[in-house]
Visitor: 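Supplied in structure tokens, the structure appears directly below.
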Amino acid sequence: MVPPLRTPQARLIAGAARVDVTPPVGMYHRMWGAAIHDRSTGVHRPLTATALWLQPRAGSNAAGDDGLLLLAIDHCLLERTEMDRLRSAAGRAVGLAAECVHVCLSHTHAAGFMSRSRADLPGGDRIGPYLDELAERTARCAAEARAQARPANLVVGTGRCDLAQHRDFYDVASRQFVCGFNPFGTADDTVLVGRLTTDDAAGEPRTVSATLVNYACHPTTLAWQNTLVGPDYVGALRETVEGGTDGALCVFLQGASGDLGPREGFVGDPAVADRNGRQLGFAALAALTALPEPDTEFRYTGPVVSGATLGTWRHESTEGAASESAGVWNRRSFVVPLSYRDDLPTIEFTRAESARWNVAVDAAARAGDEARLSEARARAERLTRQLAKLSLLPPGPTFPYEISVARTGDVWWVFAPGELYQVLQTELRRRFPDRAVFVVTICDDWQPGYLPTKATYGRGIYQEQIAVVAPGSLETVLERIAEELHAAAGG
């Protein structure tokens with residue numbers, strides 16, 4: 001007997017809401033070391049925060065679990081203190097513990113560098129008030145999402161898009177690795193999509209209440225030449241998907257993109273970012289269009305004699321264990337101690353190097369040497385960020401890497417801080433082929449920064465050079481997450 005084909009799905013309560021979180025024009029904006037501007041000069045597309053409320057239905061196995069809140073926000077990096085402030089404020093607004101709130105950054109590099117430590121730079125005095133208001137706005141948005149929550153079904157499917165490309169490229173002429181399109185590398189093209197539909201009284205038509213797009217690709221279309229605030233390709237992606245789903249809010253979740261970026265990137269033209277976003281948006285729409293109705297599975301229904309003897313399949317209602325699995329709900333958080341690398345630079349060394357390059361900046365400015373000035377500013381900026389990263393690292397021999405996993409029906413969620421290489425998501429999905437695994441990174445903390453593969457270390461690649469944890473950390477994280485997902489499978 002041919003087993004039925006089941007599309008991963010979950011039966012839950014869900015609601016979504018959105019708020020504009022665009023910073024004021026003229027605010028500190030410099031995200032790129034090579035940029036020669038400090039303040040933004042305009043807005044390409046608004047930055048948004050989208051709140052997604054997920055809650056188990058009555059009668060599920062989630063006794064005492066009040067739900068999950070995802071805040072999908074258009075920013076590149078936020079310090080842990082800001083992440084914690086957002087989680088706490090939103091949690092209070094919806095009656096959840098902060099650990100049940102996940103701040104999921106799109107990682108757009110066109111949003112600007114939002115650190116209170118930049119207050120003394122041009123436009124930096126606006127950062128603190130903006131971040132305070134960001135917490136208030138996202139908290140109100142979270143409350144609205146919960147207020148709109150209704151019984152819903154989540155159905156998840158997979159599409160393909162080759163926007164993302166491998167970005168560890170060896171430049172033979174200069175004999176060094178550069179961070180850019182590598183036409184010889186392998187890139188994960190998976191677009192994981194989810195469709196939330198209302199599940200109201202029998203006989204009422206279902207409506208799409210929200211869609212989800214989980215894709216791994218650095219939003220680095222717009223680079224140092226760009227002076228406009230924006231969500232990079234994510235803005236046009238959302239516009240495209242929402243235009244094809246009657247305006248249902250699209251929630252973008254950044255995947256494991258540490259070694260992935262757009263084929264065409266590092267430009268100053270917003271039209272390229274929009275083109276990249278539409279490419280991903282149409283791929284997501286194609287996958288969403290192919291999704292079946294909830295509470296169904298695809299069954300072989302036998303032969304029919306025609307000009308040929310045909311084998312027929314059709315979608316039929318799920319029954320028994322298959323139906324019950326859609327209501328399963330559990331979650332857990334855990335810490336994986338990751339050893340710091342042995343050759344981690346000291347704060348004292350970094351300060352000395354920073355001072356040296358700042359002297360070079362002043363000298364180049366006096367000499368009117370624009371090429372030297374651009375490089376010196378970039379080097380100085382890199383060291384300033386390195387110093388900030390080192391100063392914020394938890395003390396001790398290990399970094400306490402905090403991860404959360406959740407199961408909603410046949411759909412699994414992994415919420416991971418930092419920037420992980422693509423193997424995390426490809427391997428988890430390979431090991432759990434019958435489940436839909438949303439891998440969400442740049443989540444709840446930007447530290448410890450990059451988690452490259454063990455084989456990446458020692459090659460001089462940018463992501464490895466600035467990584468603070470030892471080789472093998474990514475592989476350790478992968479195995480621990482896999483163990484937790486195995487445990488969740490039995491819940």
Side-chain angles (χ1 to χ4, degrees), residues 18-35 37-51 70-90 101-142 218-224 226-232 234-235 252 254 273 381-382 384-392 417-419 441-450 466:
R18 177 174 291 162
V19 64
D20 189 313
V21 295
T22 310
V25 173
M27 188 167 161
Y28 182 74
H29 181 253
R30 187 182 179 211
M31 188 71 230
W32 296 84
H37 74 284
D38 288 307
R39 297 174 182 264
S40 65
T41 62
V43 177
H44 166 217
R45 288 177 178 268
L47 304 187
T48 66
T50 307
L70 277 59
L71 294 175
I73 304 177
D74 285 331
H75 272 299
C76 183
L77 301 172
L78 294 175
E79 292 171 359
R80 177 61 183 263
T81 53
E82 303 301 339
M83 295 279 213
D84 289 346
R85 185 176 290 110
L86 291 171
R87 298 176 77 183
S88 296
V101 179
H102 296 294
V103 176
C104 315
L105 301 185
S106 67
H107 202 43
T108 168
H109 284 48
F113 192 0
M114 298 296 164
S115 172
R116 295 176 193 263
S117 66
R118 302 277 163 146
D120 61 338
L121 297 174
D125 58 317
R126 302 183 182 185
I127 294 176
Y130 169 79
L131 291 173
D132 293 339
E133 186 176 0
L134 178 65
E136 295 174 3
R137 288 189 182 186
T138 53
R140 290 194 296 269
C141 184
H218 258 74
T220 50
T221 311
L222 299 175
W224 58 93
N226 172 59
T227 63
L228 305 179
V229 169
D232 204 271
V234 180
F252 174 75
Q254 183 63 252
E381 175 65 20
R382 185 182 297 182
T384 297
R385 297 185 190 188
Q386 178 174 295
L387 181 61
K389 175 184 286 189
L390 293 172
S391 300
L392 293 171
E419 303 180 53
T441 65
I442 326 291
C443 184
D444 300 334
D445 195 358
W446 68 280
Q447 295 272 40
Y450 280 102
I466 67 169

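Keep in mind it's a predicted model, so treat the numbers as computed, not measured.
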Visitor: For residues Leu86 and Leu134, determine if any side-chain heavy atom of one lies less than 4.5 Å from a side-chain heavy atom of the other.
Guide: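 Side chain of Leu86 against side chain of Leu134, heavy atoms only: contact under 4.5 Å found.
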
Visitor: Could you tell me whether the side chain of Lys389 and the main chain of Ile466 form a donor-acceptor pair under 3.5 Å?
Guide: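 Judged by distance alone, yes, a pair lies under 3.5 Å.
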
Visitor: Which pair of heavy atoms, one from Pro46 and one from Thr22, lies closest together, and at what distance?
Guide: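 Shortest heavy-atom contact: CA-OG1, 3.2 Å.
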
Visitor: Could you tell me which non-hydrogen atom of Asn226 sits nearest to which non-hydrogen atom of Ala110, and how far apart they are?
Guide: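 Minimum heavy-atom separation between Asn226 and Ala110: ND2-CB, 3.7 Å.
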
Visitor: Would Tyr130 and His75 count as a close aromatic pair, with their ring centres under 6.0 Å?
Guide: yes

Visitor: Relative to the ring of Trp32, is the ring of Trp224 parallel (under 30°), tilted (30 to 60°) or perpendicular (over 60°)?
Guide: perpendicular

Visitor: Between the side chains of Glu419 and His218, does any donor sit under 3.5 Å from an acceptor?
Guide: yes

Visitor: Do the non-hydrogen side-chain atoms of Val43 and Leu228 ever get within less than 4.5 Å of each other?
Guide: no

Visitor: Grab the two heavy atoms, one from Asp445 and one from Arg80, that are nearest each other, plus how far apart they are.
Guide: OD2-NH1, 3.4 Å

Visitor: With heavy-atom distances below 4.5 Å as the criterion, would you say the side chains of His37 and His29 are in contact?
Guide: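 Yes, at least one pair of side-chain atoms sits under 4.5 Å.
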
Visitor: Among His44, His109, Met31, which one satisfies side chain to side chain contact (heavy atoms under 4.5 Å, CB included) with Leu222?
Guide: His44

Visitor: What do the steps show when you test Val103 against Ile73 for side-chain contact (heavy atoms from CB on, under 4.5 Å), and what is the final call?
Guide: CA-CA 7 Å; Val103 176; Ile73 304 177; 3.9 Å; yes

Visitor: State, to 0.1 Å, how close Val101 and Ala90 come at their nearest heavy-atom pair, and which atoms those are.
Guide: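 Nearest pair, atom of Val101 first, then Ala90: CG1-CB, 4.2 Å.
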
Visitor: Within this structure, what is the CG-OG1 distance for the pair Leu105 and Thr441, rounded to the nearest 0.5 Å?
Guide: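 Here the rounded value is 9.5 Å.
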
Visitor: Would you say Glu79 and Arg116 make side-chain contact, with heavy atoms under 4.5 Å?
Guide: no

Visitor: Taking the side chain from Ser88 and the backbone from Arg85, do they hold a donor-acceptor pair closer than 3.5 Å?
Guide: no

Visitor: Counting C-beta onward and ignoring hydrogens, is there a side-chain heavy-atom pair between Leu131 and Leu78 closer than 4.5 Å?
Guide: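 When only atoms from C-beta onward are counted, Leu78 and Leu131 do touch, with a gap below 4.5 Å.
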
Visitor: To check you understand the geometry: which heavy-atom pair defines the closest contact between Ala51 and Ala142, and what is its length?
Guide: CB-CA, 3.8 Å

Visitor: Just by distance, with hydrogens left out, do Asp74 and Ser106 show a side-chain donor and acceptor under 3.5 Å apart?
Guide: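 Their side chains do contain a donor-acceptor pair, which is all the 3.5 Å distance test asks for.
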
Visitor: After noting the C-alpha distance and the side-chain angles of Arg30 and Phe113, does the key distance pass the side-chain contact (heavy atoms from CB on, under 4.5 Å) rule?
Guide: CA-CA 6 Å; Arg30 187 182 179 211; Phe113 192 0; over 6 Å; no

Visitor: Let me confirm one number: the CD-OG1 distance from Glu133 to Thr138, rounded to the nearest 0.5 Å.
Guide: 10.5 Å

Visitor: With a 4.5 Å cut-off on side-chain heavy atoms, are Thr108 and Cys76 touching?
Guide: no

Visitor: Is there a donor-acceptor pair closer than 3.5 Å between any side-chain N or O of Arg39 and the backbone N or O of Gly26?
Guide: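 It does hold such a pair.
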
Visitor: Compare every heavy atom of Val25 with every heavy atom of Gly42, then report the nearest pair and how far apart it is.
Guide: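 Answer, listing the atom of Gly42 first, then Val25: N-CG1, 3.7 Å.
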
Visitor: Please report the interatomic distance OG1(Thr81) to CG(Leu392), rounded to the nearest 0.5 Å.
Guide: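 Spacing of OG1 (Thr81) from CG (Leu392) equals 7.5 Å.
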
Visitor: Run the side chain to side chain donor-acceptor pair (under 3.5 Å) test on Thr221 and Asp232 for me, step by step, so that the C-alpha distance in whole Å, both residues' side-chain angles and the decisive distance to 0.1 Å come before the verdict.
Guide: CA-CA 6 Å; Thr221 311; Asp232 204 271; 2.7 Å; yes

Visitor: Is the closest side-chain heavy-atom distance between Val234 and His107 below 4.5 Å?
Guide: no

Visitor: Would you kindly say whether Ser115 and Ser117 are connected by a side-chain donor-acceptor distance under 3.5 Å?
Guide: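 Ser117 and Ser115 do have a side-chain donor-acceptor pair below 3.5 Å.
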
Visitor: How many angstroms lie between atom SG of Cys443 and atom CE of Met83, to the nearest 0.5 angstrom?
Guide: 7.0 Å

Visitor: Whether the side chain of Asp38 engages the backbone of Tyr28 through a donor-acceptor N/O pair (distance < 3.5 Å, no angle test) should be reported.
Guide: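 Such a contact is absent between Asp38 side chain and Tyr28 backbone.
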
Visitor: Report the C-alpha separation of Met27 and Ile127 in whole Å, then their side-chain angles, then the decisive distance to 0.1 Å, and conclude whether the side-chain contact (heavy atoms from CB on, under 4.5 Å) test is met.
Guide: CA-CA 7 Å; Met27 188 167 161; Ile127 294 176; 3.7 Å; yes

Visitor: Taking C-beta and beyond as the side chain, do Arg87 and His102 meet within less than 4.5 Å on heavy atoms?
Guide: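 Yes, their side chains come closer than 4.5 Å.
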
